[in-house]
**Q** 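This is the structure, below, for whatever I ask next.
Protein chains get the first letters and strands the later ones, always in sequence-line order, with residue 1 at the start of each. Note that this is a predicted model, so its numbers are computed, not measured.
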Amino acid sequence: MRLYCTSKGEVVPFEPGEVVTMYTCGITPYDATHFGHAATYLTYDVLQRRLRDRGHDTKCVRNITDVDDDLLRKARELGVHYLDLAAGEIARFDGDMEALGLIPSWSEPRATSAIADIRGFIGMVLDRGHAYTAGGSVYFDVGSWDRFGEVSHYDRDEMLAFAAERGGNVDDPNKRDPLDFVLWQPSAPDEPFWESLWGPGRPGWHIECSALALRELGTTIDLHGGGSDLIFPHHECESAQSEAATGEPFVRHWMHQAMVRMDGEKMSKSLGNLVFVSELRKEWDTRAIRLAAIAHHYRTPWEWDDEIMPTAAGRLDAWLAAGPGDGGLAEARAALDDDLDTPGAVAAIDAAAAAGRGVGDAAALLGVDLTA
RNA sequence: GCCUCCGUGGUCGAGUGGGAAGACGCCUGCCUGCAACGCAGGAGAUCACCGGUUCGAAUCCGGUCGGGGGCUCCA
């Protein structure tokens with residue numbers, strides 16, 4: 001099987017051992033699951049299905065960021081406790097994912113469950129000399145890490161521009177370098193806090209994923225996934241602090257899902273240009289929602305439009321009419337092994353169905369159950 | 001979809017209007033017990049495709065196809 005690796009910048013062989021360890025960044029549960037989320041997790045779902053089809057066992061961790069600036073802000077606006085807000089949204093998210101037929105995560109840990117791990121992890125980074133304390137915060141010392149940039153391949157100016165647009169932290173006077181990032185930070189008066197050696201506070205943005213990946217899967221994981229909007233700074237920082245803490249390679253293969261767009265812009269919570277899975281479920285068969293996503297290649301950004309769902313529903317009807325059988329299965333497998341070419345696999349199944357062959361097996365490989 | 005960069009012998013890659021460098025790989029010879037290394041020589045490119053400008057296009061312009069990056073946030 002071959003997959004594009006963000007860090008290597010090309011399609012490379014993906015040849016994990018019998019057990020494949022995967023970590024995909026999950027959601028911050030302060031708003032409903034939208035189609036972009038679904039597209040991302042469906043990509044890793046189809047990847048796992050093909051890996052299992054090839055005889056591997058897969059362990060995919062998907063974390064939940066239940067303490068974070070956005071979540072705390074939204075809870076403050078709504079006047080509810082942040083964990084109550086999170087619990088409701090986690091339930092909706094899990095409901096959406098289950099409805100779409102995703103293989104359950106091997107583990108779905110929450111950031112607040114990992115405070116002890118996070119504190120220990122920060123201690124490891126400090127002990128190895130790659131972090132420093134200042135003003136009640138602990139910062140990662142980017143200047144001590146010459147491999148910073150090996151995931152995203154941005155140059156320093158690009159990194160600074162991206163970091164600066166994220167809310168002014170580059171001007172933090174406690175930082176030795178504007179690109180340094182927070183591992184631990186003091187909480188605002190109305191925010192949750194935990195005791196630590198560096199004073200009461202809460203985790204920085206990136207640290208939970210490093211601590212959880214280490215706790216759940218060990219020092220080196222086979223594949224790390226997430227949306228392409230996480231490449232920088234999130235994954236760059238995650239990689240740096242993980243390798244700084246353990247001294248071992250963190251990730252063998254970086255795989256990123258391209259953004260789904262709408263009205264010419266990224267579909268995102270902050271812009272409000274969203275298509276919610278929960279809304280789509282009211283009108284469409286969940287199998288058609290899955291098909292709508294995987295009819296696009298994970299590495300190609302694409303734009304939502306009103307033809308997406310009718311097209312997918314029509315395809316599902318055609319496959320249902322074709323019924324059980326192994327039509328298109330070999331072609332679908334070959335397509336998935338070629339950089340997870342789900343559009344190619346879908347096209348192969350379309351062709352088999354059009355030729356009058358049953359396609360139940362190939363559809364099942366893509367997670368579409370025609371017997372339901 | 002939009003913006004942007006790119007597409008040169010098997011591979012990598014220089015070359016921005018006038019002789020298609022170089023590296024690796026490959027072939028032959030010398031060297032060697034045989035090889036490798038080294039040395040000498042050699043083969044291999046209608047410069048993605050179509051059209052245009054020009055005396056002349058890899059190079060400029062338009063289009064097509066293919067690829068990278070971005071489209072700003074936390075999928």
Side-chain angles (χ1 to χ4, degrees), chain A residues 4-11 22-45 47 60 62-74 89 93 96-97 100 102 105 108 111 149 151-155 157-170 181-182 203-209 224-238 254-277 293 296-308 339 341:
Chain A
Y4 183 85
C5 175
T6 306
S7 177
K8 300 184 184 79
E10 60 183 343
V11 177
M22 302 169 57
Y23 186 99
T24 60
C25 288
I27 59 160
T28 300
Y30 71 95
D31 211 336
T33 317
H34 60 66
F35 195 86
H37 295 122
T40 295
Y41 302 121
L42 283 166
T43 289
Y44 300 111
D45 182 73
L47 174 63
C60 185
R62 188 176 62 221
N63 68 300
I64 291 175
T65 305
D66 63 351
V67 55
D68 166 86
D69 292 343
D70 290 316
L71 175 64
L72 295 172
R73 191 198 66 244
K74 184 73 175 289
E89 294 301 343
F93 175 77
D96 284 341
M97 294 301 109
L100 291 175
L102 265 76
S105 292
E108 194 173 283
V151 176
S152 66
H153 298 293
Y154 291 147
D155 63 34
D157 287 343
E158 290 173 312
M159 291 186 197
L160 280 169
F162 284 129
E165 288 175 35
R166 279 214 67 255
N169 284 357
V170 289
F181 53 93
V182 168
W205 173 18
H206 317 296
I207 195 73
E208 71 176 276
C209 289
H224 196 310
S228 65
D229 53 352
L230 297 179
I231 295 171
F232 189 89
H234 185 52
H235 288 163
E236 194 70 66
C237 296
E238 207 183 313
W254 287 97
M255 179 177 174
H256 289 101
Q257 164 75 27
M259 295 293 104
V260 178
R261 310 183 62 75
M262 186 175 184
D263 305 328
E265 291 188 281
K266 188 186 111 175
M267 189 180 283
S268 75
K269 287 178 273 200
S270 58
L271 290 170
N273 54 336
L274 302 172
V275 175
F276 290 111
V277 173
H296 300 83
H297 190 255
Y298 78 95
R299 213 145 56 78
T300 304
W302 56 279
E303 185 105 5
W304 179 270
D305 67 53
D306 292 338
E307 295 305 308
I308 300 283
D339 196 20
D341 181 11

**Q** Among the candidates B/A75, B/G68, B/G1, find the nucleotide nearest to the side-chain atoms of A/R261.
**A**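 So the side chain of A/R261 is nearest to B/G1.
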
**Q** Checking the side chain of A/H297 only, and the main-chain atoms of A/D339 only, is there a donor and an acceptor separated by less than 3.5 Å?
**A** yes

**Q** For A/L274 and B/C73, give me the distance from atom CG to atom P, rounded to whole Å.
**A** 13 Å

**Q** Using the P atom in both, what is the distance from B/G41 to B/C49, to the nearest Å?
**A**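 Per the computed distance, 33 Å lies between those P atoms.
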
**Q** Expected output check: what is the dot-bracket annotation of RNA chain B, where ( ) and [ ] are pairs inside the strand (brackets for crossing ones), | is paired with another strand, and pairs are Watson-Crick or G-U under 3.5 Å?
**A** ((((((((.[[[..)..(...]]].(((((.......))))).....[[[[[..)....]]]]])))))))....

**Q** What interatomic distance, in whole Å, is found between P of B/A21 and the corresponding atom of B/G63?
**A** 32 Å

**Q** Kindly say whether A/G226 contributes a backbone atom to a donor-acceptor pair with the side chain of A/Y44 at under 3.5 angstrom?
**A** yes

**Q** CD of A/E208 versus C1' of B/C74: gap in Å, rounded?
**A** 10 Å

**Q** Donor-acceptor pair, A/E236 side chain versus A/V151 backbone, under 3.5 Å?
**A**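 Flag set: sc A/E236 to bb A/V151 pair under 3.5 Å.
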
**Q** Between A/F35 and A/M262, is the side-chain contact (heavy atoms from CB on, under 4.5 Å) condition met? List the steps.
**A** CA-CA 10 Å; A/F35 195 86; A/M262 186 175 184; over 6 Å; no

**Q** Pick the C1' atom in B/A58 and in B/C31, then give their distance to the nearest Å.
**A** 41 Å

**Q** Given that A/D68 and A/Y154 both sit by RNA chain B, which one's nearest nucleotide is further toward the 5' end?
**A**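 So the residue in question is A/Y154.
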
**Q** Take the protein atom NZ of A/K8 and the nucleotide atom P of B/G68, then report the distance between them rounded to whole Å.
**A**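 Result: 16 Å.
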
**Q** Drop me the distance from A/Y30's OH to A/E89's CD, to the nearest 0.5 angstrom.
**A** 10.5 Å

**Q** Base, sugar-phosphate alone, or nothing: which one does A/G9 contact when heavy atoms must sit under 4.0 Å apart?
**A** nothing

**Q** Could you state the atom-to-atom distance from CG of A/D66 to P of B/C74 in whole Å?
**A**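 The distance from CG of A/D66 to P of B/C74 comes to 17 Å, rounded to the nearest Å.
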
**Q** Assign the ring pair A/Y154 / A/F232 to parallel, tilted or perpendicular, where the plane angle (0 to 90°) is split at 30° and 60°.
**A**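 Rings of A/Y154 and A/F232: perpendicular, over 60°.
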
**Q** Measuring only the C1' atom in each nucleotide, how far is B/U59 from B/C74? A whole number of Å is fine.
**A**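 Between the two C1' atoms, the distance is 44 Å.
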
**Q** Tell me if the side-chain of A/D70 makes a donor-acceptor pair with the base of B/C74, cut-off 3.5 Å, by modelled atom types.
**A** yes

**Q** Ignoring backbone atoms, test whether A/R299 places a side-chain nitrogen or oxygen under 4.0 Å from the OP1 or OP2 oxygen of B/G67.
**A**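 Answer is no, no contact under 4.0 Å.
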
**Q** What integer number of Å spans the C1' atoms of B/C6 and B/G15?
**A** 15 Å

**Q** Looking only at the side chain of A/Q257 (C-beta and beyond, no hydrogens), which of the listed nucleotides B/A75, B/C74, B/G1 gets closest?
**A**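 Out of B/A75, B/C74, B/G1, the nucleotide with an atom closest to A/Q257's side chain is B/A75.
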
**Q** Can you tell me, in whole Å, how much space there is between the C1' of B/G52 and that of B/A57?
**A**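 To the nearest whole Å, 11 Å.
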
**Q** What's the gap between B/G22 and B/G68 when it is taken at their C1' atoms, as a whole Å value?
**A** 25 Å

**Q** Provide the distance between the two P atoms, one in B/G7 and one in B/C60, to the nearest whole Å.
**A**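 Taking atom P in both B/G7 and B/C60, they lie 10 Å apart.
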
**Q** OP1, OP2 of B/G69 versus side-chain N and O of A/Y4: anything below 4.0 Å?
**A**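 For B/G69, OP1 or OP2 has a side-chain N or O of A/Y4 closer than 4.0 Å.
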
**Q** Go through it in stages, so that I can follow the logic: the residues are A/D31 and A/F276, the test is side-chain contact (heavy atoms from CB on, under 4.5 Å), and I'd like the CA-CA distance, side-chain angles, deciding distance and then a yes or no.
**A** CA-CA 10 Å; A/D31 211 336; A/F276 290 111; 4.3 Å; yes

**Q** Walk me through it: do A/H235 and A/S7 pass the test side-chain contact (heavy atoms from CB on, under 4.5 Å)?
**A** CA-CA 10 Å; A/H235 288 163; A/S7 177; over 6 Å; no

**Q** Are A/S105 and A/M97 close enough, and set up right, to give a side-chain contact (heavy atoms from CB on, under 4.5 Å), and what steps lead you there?
**A** CA-CA 10 Å; A/S105 292; A/M97 294 301 109; over 6 Å; no

**Q** Compare the minimum distances between each of B/C74, B/G1, B/G68 and the side chain of A/E303, then state the nucleotide with the smallest one.
**A**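 The answer is B/G1, which lies nearest to the side chain.
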
**Q** Rounded to the nearest angstrom, tell me the gap between atom NE2 in A/H297 and atom P in B/G66.
**A**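 Result: 14 Å.
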
**Q** Whole angstroms only, please: what is the CE-C1' distance between A/M259 and B/C2?
**A**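 Nearest whole value for this atom pair: 17 Å.
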
**Q** On RNA chain B, nearest-nucleotide positions of A/S152 versus A/F35: which is more 5'?
**A**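 So the residue in question is A/S152.
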
**Q** Describe the nucleic acid contact of A/G36 in one word from base, sugar-phosphate, nothing, applying a heavy-atom distance below 4.0 Å.
**A** base

**Q** How many Å lie between CG on A/D31 and C1' on B/C73, as a whole number?
**A**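 Between C1' of B/C73 and CG of A/D31: 15 Å.
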
**Q** Compare side-chain N and O positions of A/S228 against OP1 and OP2 of B/A75 and report whether any pair is under 4.0 Å apart.
**A** no

**Q** Take atom CG of A/L71 and atom P of B/A75, then tell me their distance rounded to the nearest Å.
**A**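 From A/L71 CG to B/A75 P: 11 Å.
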
